[in-house]
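Input: a single structure, listed below in C-alpha cells.
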Amino acid sequence: PIFEWIPRTQAPALEQTVPGFVDGAGSRRLILSTPGDVDATASVEVVTADGSFTPTGFEAIDVPSGQVVSVDLDPQLQAEAGAVVVTSTEPVVAGGVSVLPLDKAGGSDIGFTAAVPALTGPAVVAGGETGDDVHTKVLLTVPGDADAHLTLTLLPSAAASSPLVSPLTVSAGTTLT
C-alpha cells in the first residue's frame with residue numbers, strides 16, 4: 001500500500017499562505033473553496049526566490065460558494081520552488097497538490113500542502129532523508145514586508161554525530177530553498 005500525508009489546512013480566511021510547492025517537472029495545483037453562502041473572488045500571488053508577483057490571469061479567480069476550484073500553477077512554479085498567497089473577498093480554504101513525473105520504475109510522488117500560519121517558534125520537519133538518490137528540501141517563505149531570521153538545525157541520525165546548525169535570513173517576499 002501507498003500512504004500519503006495530507007496536512008490540515010487553516011480555517012477559512014480572507015488571506016491564506018500555502019507553502020511547499022517544489023520546483024521541477026510535474027504539475028502543481030492550488031485548490032480553493034468558499035464554504036460560506038457568498039461567492040468569493042480571489043487573487044493569487046506567487047512567492048519564489050526571485051520575489052513575489054501575481055501572474056497574468058490570477059488577479060480575479062471566481063470561487064463559487066460551496067464549490068471547489070482548481071488553479072493550474074504551471075509554469076509559474078515549475079522553474080522555481082515557492083509558495084502562494086491567496087487574498088479573497090470572502091473567507092476561503094486553500095491547499096495544494098504537486099505531482100512529480102514518473103520515475104525509472106514507473107512510480108510517481110504526490111505531495112499535498114495546505115495553508116499554514118507563520119512560524120513563531122520552534123518547528124520540526126520529520127522524515128528528512130539524505131543519500132545518493134534521496135534528498136530533503138526545506139522551503140522557507142516570507143510573504144510579508146520584513147526579513148525573517150531563524151536557525152535551522154539538522155539533527156543527526158547517529159547518536160555520536162553533532163547537530164548541524166545554520167543561521168539563516170529569508171528576505172521579505174521570497175522563498176529560500
Side-chain angles (χ1 to χ4, degrees), residues 2-11 13 15-31 44-55 58 71 73-87 93-101 103-105 107-177:
I2 297 175
F3 299 95
E4 293 292 343
W5 179 64
I6 300 177
R8 176 181 170 177
T9 194
Q10 287 286 99
E15 184 172 294
Q16 300 276 17
T17 300
V18 184
F21 289 99
V22 297
D23 59 336
S27 66
R28 283 129 193 93
R29 302 197 71 72
L30 175 67
I31 310 299
V44 176
E45 178 183 28
V46 175
V47 185
T48 68
D50 292 332
S52 304
F53 66 98
T54 299
F58 285 35
V71 179
L73 296 175
D74 299 330
Q76 289 81 9
L77 286 173
Q78 282 187 326
E80 294 186 83
V84 297
V85 177
V86 178
T87 305
V93 291
V97 180
S98 297
V99 181
L100 299 181
D103 60 19
K104 295 175 191 172
S108 181
D109 194 12
I110 299 173
F112 297 94
T113 186
V116 296
L119 294 176
T120 58
V124 174
V125 177
E129 299 180 39
T130 59
D132 292 338
D133 294 331
V134 179
H135 61 278
T136 298
K137 289 184 179 182
V138 176
L139 307 176
L140 302 167
T141 299
V142 178
D145 295 330
D147 294 353
H149 305 281
L150 61 117
T151 301
L152 180 66
T153 304
L154 178 62
L155 301 175
S157 57
S161 300
S162 298
L164 176 62
V165 179
S166 302
L168 299 171
T169 297
V170 184
S171 299
T174 67
T175 294
L176 177 67
T177 303

Set of residues satisfying side-chain contact (heavy atoms from CB on, under 4.5 Å) with respect to [X], sequence neighbours excluded:
{"X": "P55", "value": "V46, F53, F58, Q76"}
{"X": "V116", "value": "P19"}
{"X": "V18", "value": "F21, L30, V84, A94, T113, A115"}
{"X": "D50", "value": "T48, E80"}

Applied to residues 16-25, the side-chain hydrogen bond (donor to acceptor under 3.5 Å, both in side chains) test, sequence neighbours excluded, yields D23-K137

Working to the nearest 0.5 Å, report the span between OG1 of T54 and CD of E45. 5.0 Å

So does L119 have more than 12 non-hydrogen atoms from other groups sitting under 6.0 Å from CG? no

Please output the side-chain donor-acceptor pairs of residues 138-151 that fall under 3.5 Å, not counting sequence neighbours, one pair per line with the distance.
{"residue": "T141", "atom": "OG1", "partner": "T175", "partner atom": "OG1", "Å": "2.7"}
{"residue": "D147", "atom": "OD1", "partner": "A172", "partner atom": "N", "Å": "2.8"}
{"residue": "H149", "atom": "ND1", "partner": "T169", "partner atom": "OG1", "Å": "3.0"}

Taking every heavy atom of V22 against every heavy atom of R28, the minimum-distance pair comes out as O-NE, 2.6 Å

